[in-house]
Amino acid sequence: MELELRTLDTVQWRLDDDSEGTFEGVACRFNKVDSYGTTFHPGCFRKGGLDKKPYSLLFMHDPTRPIGTFRAEERDDHLFITGRYDDTAAGRDARAMARSGSAPELSVGFVRTDLPEWKKLAELSEDDFKEKMANIRGARLVETSQITARMAAVPGSKLKTVRAALGELYTEEPGTRLEEKVAAERVRRAAQIRRRRALALLGMADAGGR
């Protein structure tokens, strides 16, 4: 499944004021329509297998640039995270950028676990397909990233230039996105139906001419 990235308008987090380098905050709110037109539902991360072990805090969704770790737990209306920056140059720099406002935002990386196989999705009506895609009821959390200011300005942006060099999860080849597969399958099925109807009409014409 495709890794999705979301920077949510309602994300809130704060850093400590001492030298420990800790942080906590809300990484995702539930029952709120985000700028991508999707809604995370309560329990979605638990259903996706929320791990009690630490996750990596990355910089700009780059798995080669870890800057800390965090733990996540679901609460009634949000995903809450607590973590600590690494005591490394990258970790210290990221903390400084969060404080200065040059990189103050959080973005979650996740894989949806609530969708059926794409050919099953193609069987849904257009309205049912849109409803299914817009409501996230199961998601496997992969990471959370600190990102630069205003990266959420373009809804749906997936940092393709970064992802292209990062392996299978971060690769998005033309024609492989779920929506494109579903659309192509619908076109194929519609063509099959037209062909069958045409053959049936030809058969009826042949029978009438005999």
Side-chain angles (χ1 to χ4, degrees), residues 1-14 23-63 66 68-83 105-147 151-152 154-160 162-163 166-172 176-182:
M1 296 294 288
E2 175 182 309
L3 178 70
E4 298 189 42
L5 312 176
R6 298 294 164 87
T7 304
L8 306 176
D9 296 335
T10 54
V11 163
Q12 298 174 348
W13 68 309
R14 61 178 180 268
F23 59 86
E24 64 179 28
V26 176
C28 178
R29 289 198 182 276
F30 304 140
N31 295 323
K32 299 284 186 180
V33 179
D34 59 38
S35 59
Y36 300 76
T38 52
T39 301
F40 288 83
H41 288 262
C44 63
F45 290 105
R46 281 199 301 269
K47 290 176 182 176
L50 192 62
D51 204 326
K52 293 183 178 180
K53 296 179 181 179
Y55 289 87
S56 290
L57 180 70
L58 305 181
F59 192 77
M60 297 298 292
H61 294 289
D62 187 342
T69 58
F70 69 93
R71 283 183 165 83
E73 65 172 292
E74 279 205 11
R75 297 186 175 178
D76 289 343
D77 63 350
H78 63 271
L79 181 70
F80 185 75
I81 64 171
T82 57
E105 298 178 1
L106 292 180
S107 178
V108 293
F110 63 97
V111 175
R112 291 190 66 166
T113 60
D114 61 335
L115 299 177
E117 192 261 344
W118 66 270
K119 288 187 177 180
K120 294 290 185 182
L121 284 172
E123 296 174 358
L124 299 176
S125 68
E126 188 69 25
D127 287 343
D128 288 344
F129 175 72
K130 288 180 179 179
E131 193 280 335
K132 177 71 74 174
M133 297 302 296
N135 291 279
I136 301 173
R137 295 186 169 90
R140 176 170 60 85
L141 183 66
V142 176
E143 48 90 3
T144 294
S145 285
Q146 182 177 328
I147 64 173
M151 282 303 298
V154 183
S157 174
K158 293 189 177 180
L159 305 177
K160 293 180 183 178
V162 174
R163 295 173 66 199
L166 299 179
E168 183 177 351
L169 273 180
Y170 288 77
T171 300
E172 185 174 306
T176 61
R177 293 184 66 241
L178 183 60
E179 291 88 346
E180 294 173 1
K181 286 183 177 181
V182 169

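In this chain, numbering begins with 1 at the start of the sequence shown. Everything numeric here is computed off the predicted structure, so don't read it as measured data.
- Of all heavy-atom pairs spanning G37 and A134, the tightest one is O-CB, 3.7 Å.
- Distance check, rounded to the nearest 0.5 Å: NZ of K120 to CG of L115 gives 14.5 Å.
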>> side chain to side chain contact (heavy atoms under 4.5 Å, CB included) for H41 and N31? Distances and angles first, verdict last.
In response: CA-CA 6 Å; H41 288 262; N31 295 323; 3.9 Å; yes
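- Within the 4.5 Å cutoff, no side-chain heavy atoms of I81 are placed close to those of Y55.
- A salt bridge is absent between E73 and R71; no separation between the charged side-chain nitrogens and carboxylate oxygens falls under 4.0 Å.
- A pairwise comparison of heavy atoms in H78 and F30 identifies N-CD1, 3.3 Å as the closest pair.
- Across all non-hydrogen atoms, the minimal contact from L79 to A72 is CD1-CB, 4.1 Å.
- The two residues F23 and T69 make their nearest non-hydrogen contact at CZ-O, 3.8 Å.
- Counted by atom type alone, S145 and E143 present one or more donor-acceptor pairs between their side chains at under 3.5 Å.
- To the nearest 0.5 Å, atom CG of residue D34 and atom OG1 of residue T39 are 6.5 Å apart.
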> Can you check side chain to side chain contact (heavy atoms under 4.5 Å, CB included) on E74 and L50, steps first, answer last?
Replying inline: CA-CA 9 Å; E74 279 205 11; L50 192 62; 4.2 Å; yes
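- We find the CE-CD distance between M60 and Q146 to be 10.0 Å, quoted to the nearest 0.5 Å.
- To the nearest 0.5 angstrom, M133 atom CE is 6.5 Å from L121 atom CG.
- Partners of D77 by side chain to side chain contact (heavy atoms under 4.5 Å, CB included), not counting sequence neighbours, listed by chain and number: R29.
- When all heavy atoms are compared, the tightest approach of D114 to R112 is OD2-NH2, 2.8 Å.
- Without hydrogens or angle criteria, R137 side chain to K47 main chain gives no donor-acceptor distance under 3.5 Å.
- Within the 4.5 Å cutoff, no side-chain heavy atoms of D76 are placed close to those of P42.
- Of the options I136, L5, L3, T144, a side chain to side chain contact (heavy atoms under 4.5 Å, CB included) to F110 is made by I136 and by none of the others.
- With values rounded to the nearest 0.5 angstrom, C28 atom SG is found 11.5 Å from L106 atom CG.
- Between F40 and R6, the closest side-chain pair of non-hydrogen atoms falls below 4.5 Å.
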